[in-house]
Amino acid sequence: MRKFIALGLAMCIGASALTGCAKTSSGNKNTAPAPKGTTAGQASVPDKLTLTYVTSPLNVPTIIERDQNIFEDAFEDMGISLEYAQINSGADQTQALASGDVQILYAVGATSVILSAANGADIRVLNMYSRSPKAFCMYSTDDSLTTPESLKGKTIAGPAGTNLHELLASYLAGGGLTIDDVDYVNMSIADAKAALDGGSVDAALIAGAAAYQAKQQGYHMVADGEGLIKAIIAVAVREDFYEKNQDVIDRFMEAQKRVAAFMKDNQDEVLQIVAEELDLDEEAVREMYACYDFSMDVTDEDKAGFQKTADFMFKSGMIEEEMDVNSLFL
């Protein structure tokens, strides 16, 4: 069974990253040549950098960075143009990184990183993006769904290979059940919420704005991630790109710090910008924002959270071999 599940997830990762799910849009159009003076054996500065742009569920740094043109400005004097790829699926994100279509995954779930690495991909964690277990939820319109056992045979929708997928599996495990005991349908957060609204699924795995809306509609929260998952979102790159482009990576990380500083120093403006981007009122954003830790530093607790996720994925058959996650960090 473990081999079968792992093969199925590997096939999901193998799906085309730029078909249907991804849209790219250009940032800075400066296409000046890379700085001269590189010698044989040195990597030249790339003329284009593509990173993922994912605003859901509540990716505040991404929204603020784009609104303030922080990354674009950071790379302008290096002659590097910036492009964004809107890829919401974790599996499609890691495939885009592996193919070279994207150089930086700016917000990718720990589950996706581990699954990609387990399938032999070159993927490493650069730093952290967020942690938010309470922001990841399973909602239903049926308030009788109060235990793992009550979900047996039910149709549950949510994005595969993500923190929400792990949430479901971890919750089911509390009742001695597995994903095989439910009818699990792989859907984006938005589609899962729409399916729940339309009554075509019994429960939806949702987060951020979708979860807030479900709460406002009076839907029943079956569970959130507190005590079940760490809900770690990371920033990831290929190790070969990291080694060949240290100047680019250093510039990127400095720009990340500027994003964090803007968020700290302009909290009211940040709430307004995010509310407008996600079409929410500011009080809704304020309430959700309180569930998130956006520190970019990698802590021992973060590594322990990654290890917990990897151990769970092995035990549940999502990966075939045990993994020491320390190998994932640069």
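Environment of NZ in Lys215: sparse, with no more than 12 heavy atoms of neighbouring residues, nucleotides or ligands closer than 6.0 Å. By the neighbour-count criterion of 12 heavy atoms within 6.0 Å, atom CG of Asp265 is densely surrounded, having more than that number from other residues, nucleotides or ligands. Annotation: Asp279, atom CG; neighbour count of heavy atoms from other residues, nucleotides and ligands within 6.0 Å does not exceed 12. Atom CD of Glu276 sits in a sparse spot, with 12 or fewer heavy atoms from other residues, nucleotides or ligands closer than 6.0 Å.
Under 3.5 Å, the side chains of Ser144 and Asp142 contain a donor-acceptor pair of N or O atoms. Side-chain contact check for Gln307 and Asp311: at least one donor-acceptor pair (N or O, by modelled atom type) lies under 3.5 Å.
The shortest heavy-atom contact between Asn59 and Val54 is ND2-O, 2.6 Å. When all heavy atoms of Ala211 and Cys137 are compared, the pair lying nearest together is CB-SG, 4.3 Å. Between Leu164 and Ile206 the shortest heavy-atom distance is CD2-O, 3.5 Å. Of all heavy-atom pairs between Met253 and Met296, the closest is O-CE, 4.0 Å. Asn163 and Ile233 get closest at one heavy-atom pair: ND2-CD1, 3.2 Å. Closest approach of Tyr184 and Gly158 over heavy atoms only: OH-O, 2.9 Å.
Looking at Asp240 and Asp122, their side chains come closer than 4.5 Å, going by heavy atoms from C-beta outward. Inter-residue side-chain proximity for Leu280 and Met288 is flagged as met; some heavy-atom pair is nearer than 4.5 Å. Proximity of Met263 to Pro61: side-chain heavy atoms (C-beta onward) are separated by under 4.5 Å at one or more points. Contact annotation: the side chain of Phe329 never approaches that of Asp302 to less than 4.5 Å [non-hydrogen atoms, C-beta and beyond]. In this structure, the side chains of Leu172 and Val182 come closer than 4.5 Å at one or more pairs of heavy atoms. Contact check for Leu168 versus Met138: side-chain heavy atoms found under the 4.5 Å cut-off. Residues Val113 and Leu105 have side chains not in contact (no heavy-atom distance under 4.5 Å, counting atoms from C-beta outward). Residues Ile232 and Thr309 fail the side-chain proximity criterion, which asks for heavy atoms closer than 4.5 Å.
The only option from Ile229, Asp224, Leu228 that meets the side chain to side chain contact (heavy atoms under 4.5 Å, CB included) definition with Glu226 turns out to be Asp224.
For the pair Lys152 and Glu149, the salt-bridge criterion is not met [side-chain N within less than 4.0 Å of a carboxylate O]. The existence of a salt bridge linking Glu254 and Arg251 is excluded, since no basic side-chain nitrogen approaches an acidic carboxylate oxygen closer than 4.0 Å.
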Inset, instruction - I would like to know whether Val237 and Leu330 meet side chain to side chain contact (heavy atoms under 4.5 Å, CB included); could you show each step before the answer? - result: CA-CA 9 Å; Val237 297; Leu330 289 165; 3.8 Å; yes

Inset, instruction - Check the pair Leu151, Tyr171 against side chain to side chain contact (heavy atoms under 4.5 Å, CB included), reporting the backbone distance first and the verdict last. - result: CA-CA 10 Å; Leu151 294 180; Tyr171 182 72; 3.7 Å; yes

Inset, instruction - Run the numbers on Val270 and Tyr289 for side chain to side chain contact (heavy atoms under 4.5 Å, CB included), then give the verdict. - result: CA-CA 10 Å; Val270 165; Tyr289 199 2; 4.2 Å; yes

Inset, instruction - Verify side chain to side chain contact (heavy atoms under 4.5 Å, CB included) between Ile87 and Val102, making sure each step is shown before the conclusion. - result: CA-CA 10 Å; Ile87 311 174; Val102 169; 4.2 Å; yes

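Rounding to the nearest 0.5 Å places CG of Leu167 at 10.5 Å from OG1 of Thr111. Here the straight-line distance linking atom NZ of Lys315 with atom OG1 of Thr178 works out to 15.5 Å at 0.5 Å rounding. The CD atom of Gln272 lies 5.5 Å from the CD atom of Glu282; values are rounded to the nearest 0.5 Å. Rounding to the nearest 0.5 Å gives a distance of 8.5 Å between CG of Leu51 and CZ of Arg66. Between the OG1 atom of Thr55 and the CG atom of Asn88 there is a distance of 7.0 Å, given to the nearest 0.5 Å. The CD atom of Gln68 sits 9.5 Å away from atom CG of Asp73, with the distance rounded to the nearest 0.5 Å.
Checked by atom type and distance alone, the side chain of Ser116 never pairs as donor or acceptor with a backbone atom of Gln95 at under 3.5 Å. In this structure a side-chain-to-backbone donor-acceptor pair under 3.5 Å is present from Asn186 to Ala160. A side-chain donor-acceptor contact under 3.5 Å links Arg131 to the backbone of Ser295. When atom types are taken as modelled, the side chain of Ser200 and the backbone of Ala195 share a donor-acceptor pair closer than 3.5 angstrom. Side-chain atoms of Gln103 come within 3.5 Å of backbone atoms of Gly100 as a donor-acceptor pair (strictly under, hydrogens ignored). Remark: side-chain polar atoms of Asp281 are paired, donor with acceptor, to backbone N or O of Ala284 under 3.5 angstrom. The backbone N or O of Thr50 sits nowhere less than 3.5 Å from a side-chain atom of Glu83 that would complete a donor-acceptor pair. Judged by distance alone, with hydrogens and angles left aside, the side-chain atoms of Ser170 form no donor-acceptor pair with the main-chain N or O of Glu166 at under 3.5 Å. Not a single donor-acceptor pair under 3.5 Å links the side chain of Asp67 to the backbone N or O of Ile63.
Between Tyr292 and Tyr129, the distance from one ring center to the other does not fall under 6.0 angstrom.
Every residue was checked against the side-chain hydrogen bond (donor to acceptor under 3.5 Å, both in side chains) condition with Glu277, not counting sequence neighbours, and none meets it. Residues that satisfy the ring pair (Phe, Tyr, Trp, His ring centres under 6.0 Å) test with Phe71, not counting sequence neighbours, are Tyr106, Phe252.
Following chains of ILVMFWY side-chain contacts shorter than 4.5 Å, one can reach Ile70 starting from Val235, so the two form part of one hydrophobic cluster. In the hydrophobic clustering of this structure, Val298 groups with Leu328; members are Ile, Leu, Val, Met, Phe, Trp, Tyr whose side-chain heavy atoms approach within less than 4.5 Å, directly or through other members. Under the 4.5 Å side-chain heavy-atom criterion for ILVMFWY residues, no single connected hydrophobic cluster contains both Ile179 and Met187. Cluster annotation: Leu205 and Tyr219 are assigned to the same hydrophobic cluster (Ile/Leu/Val/Met/Phe/Trp/Tyr, side-chain heavy-atom contacts under 4.5 Å, transitive). Hydrophobic cluster membership is shared by Ile249 and Met78, with clusters built from Ile, Leu, Val, Met, Phe, Trp and Tyr side chains linked at under 4.5 angstrom.
Both tests do not hold together for Arg124 against Tyr242: distance to the six-membered ring centre under 6.0 Å, angle to the ring axis within 45°.
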